[in-house]
Student: 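One structure coming up, written as structure tokens, with questions to follow.
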There are 2 protein chains.
Amino acid sequence: MSETDTLGIHDVESCLVQSLSYYMALDDNDLRLIEALEKEQTHFARGDVIQPCRTARSSLYAVTSGWLYASLTDADGRRQITRVFHPGDVVGLSDLSLGLSSCDLVAAGDVVVCPFPRQGLAPILETAPRLSALLFALSARDQAIHMDLIRAIGCLSAVERVGFMLLTWLMRLRMTGDPVETTIRCPMTQTEMGDLIGLTNVSVSKALSTLESEGYLKRDANTLTLLEVDELIAVTRFEDRYGELDTTWFPES
Amino acid sequence: MSETDTLGIHDVESCLVQSLSYYMALDDNDLRLIEALEKEQTHFARGDVIQPCRTARSSLYAVTSGWLYASLTDADGRRQITRVFHPGDVVGLSDLSLGLSSCDLVAAGDVVVCPFPRQGLAPILETAPRLSALLFALSARDQAIHMDLIRAIGCLSAVERVGFMLLTWLMRLRMTGDPVETTIRCPMTQTEMGDLIGLTNVSVSKALSTLESEGYLKRDANTLTLLEVDELIAVTRFEDRYGELDTTWFPES
DNA sequence: CGGTCTGTTGACACTAGTCAAGTGTCGTGG
DNA sequence: CCACGACACTTGACTAGTGTCAACAGACCG
């Protein structure tokens, strides 16, 4: 199931450093603080519950590789996925205010994460105002992403919702990868996709077929290639939240 | 439309102080920093747009009185309300990361807010680690609230969604008011309610009638009284996010 | 080889949307 | 004081988009 190792990470460029420095220059103190968060790595396999719902004082995680998601399952079996995380993301900011975690964290594929306790944030807040501001901004961006999802589920048709989901993933993957990429290697099943955007697996299947027949999409195994990105953006009224981060209000370094 | 005054706020207990000190003891430095955020008050009337979508370097607001909401209107007229704010809430944290604001901010009734610029956060981050942590935790709680809304729109029936919405408001109002209150004086129209939970005004009307006929609810003008709170919580699988805030990870004072 | 999981497709049901008519309230202006 | 329009809400008839159910195909694995 899972395995913990204590390998140093100094030989590889830290995924969290890469992700955070995308937005802001990090000084030596920032780097040391971030490194402290990533000193432990844990592996999970597809379907593993990384952290169950209602965990007390839940951990935070920096994602090193793979996809994972936060989900909530009702007593009657209905499941809602509220957020999908990719390498470089910080997981768990949304539960910081809660004594018990609000979601299951589930590995969507094979995953490597670096868990760290909430107390790991205290030294950052005390000694690194700019890094604190960056984490604050990332928490804010998570909110913007949630609001976009609310709009998608509340306002868009089934086909539009699926297109929206694919665009969200593409723009996120472009942030830490090739900025003109059009292909997504997606480890999630159609049932999981449906649980994310409020549809059944059947509707997802039909929507993907429709997108394909209308020329927006090419499929091959679990690889999805978007063919008409700009048009899809227009149809779904998609807004990219990953491209830029406003840092003008941050404290001076 | 709107009116700005420069009255001191020292004579009345600040709504923001009241709301923040509900969770954490504030020291003199904290109080001075918060006071600086509330030095200006602005009034708006029902329907006024407090701040339009795509505003550059959007302001933050502390809500003094009244309800307001964040909404997004599509070109084809569909509108999604993503969040409703009440007195004591901090508005705008979700747009901190964005150069242009993602939502319209609209007054749901007559409203008094204290606007302050994003730069107002910098001195807090630099000199008040515990207050920074509290704001961070509030941003996290906003996320938890968004995730609950996503679940409601994605998983619940029309009647359940309306019940969920009423419970959310009730628990929020209990936080800064009477903790056993069961009555909500709601300034929002049924169309606005529908835009919040992904329904039409017609469905909201029918759902409210159903809740009333099943004994969950009593209505009188725009006053709503919940009669079977515990049962409604069970039916909608509602989780209260307002009761407690985990402060155990905060830096030492 | 059989079992499990994922995805596809078709028939049908049902929830919520759409449309429309009508009521009640409020504010304005004659 | 009443007439009028604007707006919020209610109710019923009908429609349409997804959900539900079921059968089946293909991939993978023990």
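We use all heavy atoms of the structure for the numbers below, so side chains are in, but hydrogens, waters and symmetry mates are not. Just so we're on the same page: letters track the sequence lines, and every chain starts at 1. This one's a predicted model, so the numbers in the text were calculated from it and none came from an experiment.
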Student: How close or far is atom C1' of D/dT18 from atom CG of A/D195, stated in whole angstroms?
Tutor: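 From A/D195 CG to D/dT18 C1': 15 Å.
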Student: Taking the side chain of A/A158 as its heavy atoms from C-beta onward, which of D/dT18, C/dT8, D/dT10 lies nearest to it?
Tutor: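 Closest nucleotide to the A/A158 side chain: D/dT18.
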Student: Can we say B/R174 and B/D240 salt-bridge, meaning some charged N sits less than 4.0 Å from an Asp/Glu carboxylate O?
Tutor: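 Looking at B/R174 and B/D240, the cut-off is not met.
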Student: May I have the distance from B/K206 (atom NZ) to C/dA16 (atom P), rounded to whole angstrom?
Tutor: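 For the pair B/K206 NZ and C/dA16 P, the rounded distance is 11 Å.
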Student: Side-chain donor-acceptor pair under 3.5 Å between B/S102 and B/D95, yes or no?
Tutor: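 Result is yes, a qualifying pair exists.
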Student: In whole angstrom, give the distance that lies between atom CG of B/L208 and atom P of D/dC9.
Tutor: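 Rounded to the whole Å, the gap is 9 Å.
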Student: Considering only D/dT10, D/dT20, C/dG17, which nucleotide approaches the side chain of B/T200 most closely?
Tutor: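 The nucleotide sitting nearest to the side chain is C/dG17.
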Student: State which of D/dG19, C/dA16, D/dC9 makes the closest approach to the side chain of A/L199.
Tutor: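 From the listed options, D/dG19 comes nearest.
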Student: Please determine, by modelled atom types, if A/Q143 and B/S139 share a side-chain donor-acceptor pair under 3.5 angstrom.
Tutor: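 Short answer, yes.
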Student: Answer yes when A/D89 and A/R172 have at least one side-chain N-carboxylate O distance shorter than 4.0 Å, and no when they do not.
Tutor: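 Yes.
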Student: Of the options D/dT10, D/dT18, C/dT9, whose atoms approach the side-chain atoms of A/S205 most closely?
Tutor: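 That would be C/dT9.
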Student: Any ion pair linking A/R79 and A/D74 (charged N to carboxylate O, less than 4.0 Å)?
Tutor: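 So A/D74 does not pair with A/R79 through a salt bridge.
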Student: Can you tell me how far P of C/dG22 sits from CG of B/N201, to the nearest Å?
Tutor: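 To the nearest whole Å, that distance equals 18 Å.
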Student: Looking at A/E239 and A/R151, is there a salt bridge between them, counting it only when a charged N and a carboxylate O are closer than 4.0 Å?
Tutor: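 Judged by the 4.0 Å cut-off on N to carboxylate O distance, A/R151 and A/E239 do not form a salt bridge.
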Student: Taking CZ in B/R54 as the centre, count heavy atoms belonging to other residues, nucleotides or ligands within less than 6.0 Å. Is the count above 12?
Tutor: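 For B/R54, atom CZ is not crowded (no more than 12 foreign heavy atoms under 6.0 Å).
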Student: For the pair B/R237 and A/D76, find out whether any cationic side-chain nitrogen is under 4.0 Å from an anionic carboxylate oxygen.
Tutor: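 Yes, B/R237 and A/D76 are salt-bridged.
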Student: Could you check which residues of residues 66-81 of chain A get a heavy atom under 4.0 Å from DNA chain C? Sort them by number, please.
Tutor: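 Within this stretch, nothing sits under 4.0 Å of the strand.
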Student: Measure from the side chain of B/S203, starting at C-beta and using heavy atoms only, and say which of C/dA11, C/dA16, D/dG12 lies closest.
Tutor: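 Of the options given, the side chain of B/S203 lies nearest C/dA16.
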Student: With a 4.0 Å cut-off on heavy atoms, is A/V204 in touch with a base, just the backbone sugar-phosphate, or nothing at all?
Tutor: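 Nothing: the residue A/V204, judged by heavy atoms under 4.0 Å, touches no strand.
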Student: State plainly whether the residues A/R83 and A/D142 are in salt-bridge range, i.e. N to O under 4.0 Å.
Tutor: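 Answer for the salt bridge query: yes.
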Student: Looking at A/Q190, does any N or O in its side chain come under 4.0 Å of the phosphate oxygens OP1/OP2 on C/dC5?
Tutor: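 No, because none of the side-chain N or O atoms of A/Q190 sits under 4.0 Å from OP1 or OP2 of C/dC5.
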Student: What's the CD1-P distance between A/I153 and C/dA16, to the nearest Å?
Tutor: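 Nearest whole value for this atom pair: 15 Å.
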Student: Heavy-atom contacts under 4.0 Å between residues 211-224 of chain B and DNA chain D, which residues?
Tutor: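 Residues of residues 211-224 of chain B under 4.0 Å from DNA chain D: B/R219.
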Student: Provide, to the nearest angstrom, the distance between the CG atom belonging to B/L156 and the C1' atom belonging to C/dA16.
Tutor: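 Value for this atom pair: 15 Å.
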Student: May I ask you to say what B/G194 touches in the nucleic acid, namely base, sugar-phosphate or nothing, with a heavy-atom cut-off under 4.0 Å?
Tutor: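 It contacts nothing in the nucleic acid.
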Student: Picking from C/dT6, D/dA8, D/dT11, which would you name as closest to the side chain of A/T189?
Tutor: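 Nucleotide nearest to A/T189's side chain: C/dT6.
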Student: Starting at CZ of A/R46 and ending at P of C/dT4, how long is that distance when rounded to a whole Å?
Tutor: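 So the two atoms are 17 Å apart, to the nearest Å.
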Student: Tell me whether B/E192 is salt-bridged to B/R46, with the criterion being a basic N under 4.0 Å from an acidic carboxylate O.
Tutor: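 Yes, charged N to carboxylate O under 4.0 Å.
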